Amino acid sequence: MRIATWNVNSVVARLPRLLEWLASAEPDVLCLQEVKCARDAFPYEEVEALGYEAAVHGAGRWNGVAVLSRVGIDDVRLGLVDEPGFLADGALLPAPEQRAMGATCGGVRVWSVYVPNGRSVGHAHYAYKLDWLAALRATVTDELTPTGSTSPFAVLGDFNIAPTDADVWDADLFRESTHVTPGERQALADLLAAGLTDVMPRPLKHAVPFTYWDYRQLAFPHNHGMRIDLVLADERFRSGVTDAYVDRNARKGKGTSDHAPVVVDLDPGPATG
DNA sequence: ATGTCAGACAACGTCTGA
């Protein structure tokens, strides 16, 4: 089974590249982030023509996650346990955003997550990021609490955290920035402590498989990137991984996202439910 | 080969978020 995650930076703007990639990479399950469209506006017919069902958690111009599957989608869960909200411009009260959803596809439990960016250290969005990660940890703990299910489990998505300095093209440049601070890395460590492992993709071209390169200043051709899109797997999932890589070809050419897909091949083992 | 891009507004440029 092939499972992937991709921050597409608008599923509408990315539709030609998305369809091309689905047809060539043939994932069984694809977790999407930043779909940037309401649930009703998702291009269902286009992905269905390639054999995929879609479950979508989106409200409009920002954020939004989805799960595409050609092996079924069951037990869809939208949002986190006690998910914190953010006070959007023009809003009177903080409200949860569309950043996380879980689904069971072909006997594998996946969560597609888009962790808040944080904007800058000390910004209200940074505190929101840490709070949101704590709620993600609570949700993972809830999902992994033994209930008789033996499904492989993974959280896939854009974490907006580089796990180590090696996951940033120039750590010194990011010293005062979000994505690398001890607070963010501690929140990631706390999440992993719930029973997950960072599935490291195999390098294809460079020493470290980055997943994101800014659109500006020729960042991609210079490989000025970061590894911030992660697959965090429980032991049942991790032990079934036969390959993992970043499809950097999807970052080439015109009309690309600023992120590349992370692809994992999995032998899910005997179907035990 | 690539020196931002996408969405929404009231627009046909300018703002915001990333």
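Numbers restart at 1 for each chain; the letters A, B, ... are given by sequence-line order, proteins then strands. Computed from a predicted structure; not experimentally measured.
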Requested in this report: Quote, to the nearest angstrom, the P distance that separates B:dA10 from B:dA6.
Outcome: 22 Å
Requested in this report: Just jot down the salt bridge (charged side-chain N to carboxylate O under 4.0 Å, His left out) partners of A:R99, sequence neighbours excluded, or say none.
Outcome: A:E97
Requested in this report: Sticking with atom P, work out how far B:dG7 lies from B:dT2, rounded to a whole angstrom.
Outcome: 24 Å
Report summary line: From CG of A:N223 across to C1' of B:dG3 the rounded distance in Å is 17 Å
Requested in this report: Considering just the side-chain nitrogens and oxygens of A:R14, establish if one lies under 4.0 Å of OP1 or OP2 belonging to B:dA6.
Outcome: yes
Report summary line: Sorted by chain and residue number, the salt bridge (charged side-chain N to carboxylate O under 4.0 Å, His left out) partners of A:D172 (sequence neighbours excluded) come out as A:R175
Query raised in the report: Under the 3.5 angstrom rule, does the side chain of A:R70 hit a backbone N or O of A:E26 as a donor-acceptor pair?
Result: yes
Query raised in the report: What residues, two or more places apart in sequence or in another chain, satisfy ring-ring contact (aromatic ring centres under 6.0 Å, His included) together with A:Y212?
Result: A:H259
Report summary line: 5'-most contact on DNA chain B (nearest-nucleotide basis), A:H222 vs A:V12, goes to A:H222
Report summary line: Residues at least two apart in sequence or cross-chain that pass ring-ring contact (aromatic ring centres under 6.0 Å, His included) with A:H224, listed by chain then number, are A:W169, A:H222
Query - For atom NE2 of A:H224 and atom P of B:dG3, their distance in whole Å - result: 15 Å
Requested in this report: Calculate the interatomic distance between A:R248 atom CZ and B:dT2 atom P; express it in whole Å.
Outcome: 16 Å
Query raised in the report: What residues form a side-chain hydrogen bond (donor to acceptor under 3.5 Å, both in side chains) with A:R109, not counting sequence neighbours?
Result: A:T104, A:E143
Report summary line: Considering only heavy side-chain atoms of A:K252, the closest of B:dA1, B:dA6, B:dT2 is B:dA1
Which donor-acceptor pairs under 3.5 Å do the side chains of residues 41-56 of chain A make with protein atoms, sequence neighbours left out?
from: A:Y44; atom 1: OH; to: A:R39; atom 2: O; distance (Å): 2.8
from: A:Y52; atom 1: OH; to: A:P27; atom 2: O; distance (Å): 2.5

Requested in this report: Quick one: list whatever passes salt bridge (charged side-chain N to carboxylate O under 4.0 Å, His left out) with A:R251, sequence neighbours left out.
Outcome: none
Query - side-chain contact (heavy atoms from CB on, under 4.5 Å) partners of A:R216, counting only residues at least two apart - result: A:D214
Anything under 3.5 Å between a protein N or O and an N or O of nucleotides 12-18 of chain B, put it in a table, one pair a line.
from: B:dG17; atom 1: OP1; to: A:D89; atom 2: OD2; distance (Å): 3.3
from: B:dA18; atom 1: OP2; to: A:R119; atom 2: NE; distance (Å): 2.7

**Report entry** Those residues that, when tested against A:H57, pass ring-ring contact (aromatic ring centres under 6.0 Å, His included) (two or more places apart)
**Finding:** none
Query raised in the report: Near DNA chain B, which residues from residues 170-186 of chain A have a heavy atom under 4.0 Å away?
Result: none
Query raised in the report: Knowing that exactly one of A:W62, A:Y128, A:Y126 qualifies, which makes a ring pair (Phe, Tyr, Trp, His ring centres under 6.0 Å) with A:F86?
Result: A:Y128
Report task. Extract the stems that DNA chain B is part of, considering only consecutive pairing runs of at least three Watson-Crick or G-U wobble pairs, both distances under 3.5 Å. Result -> B:4-9 with B:13-18
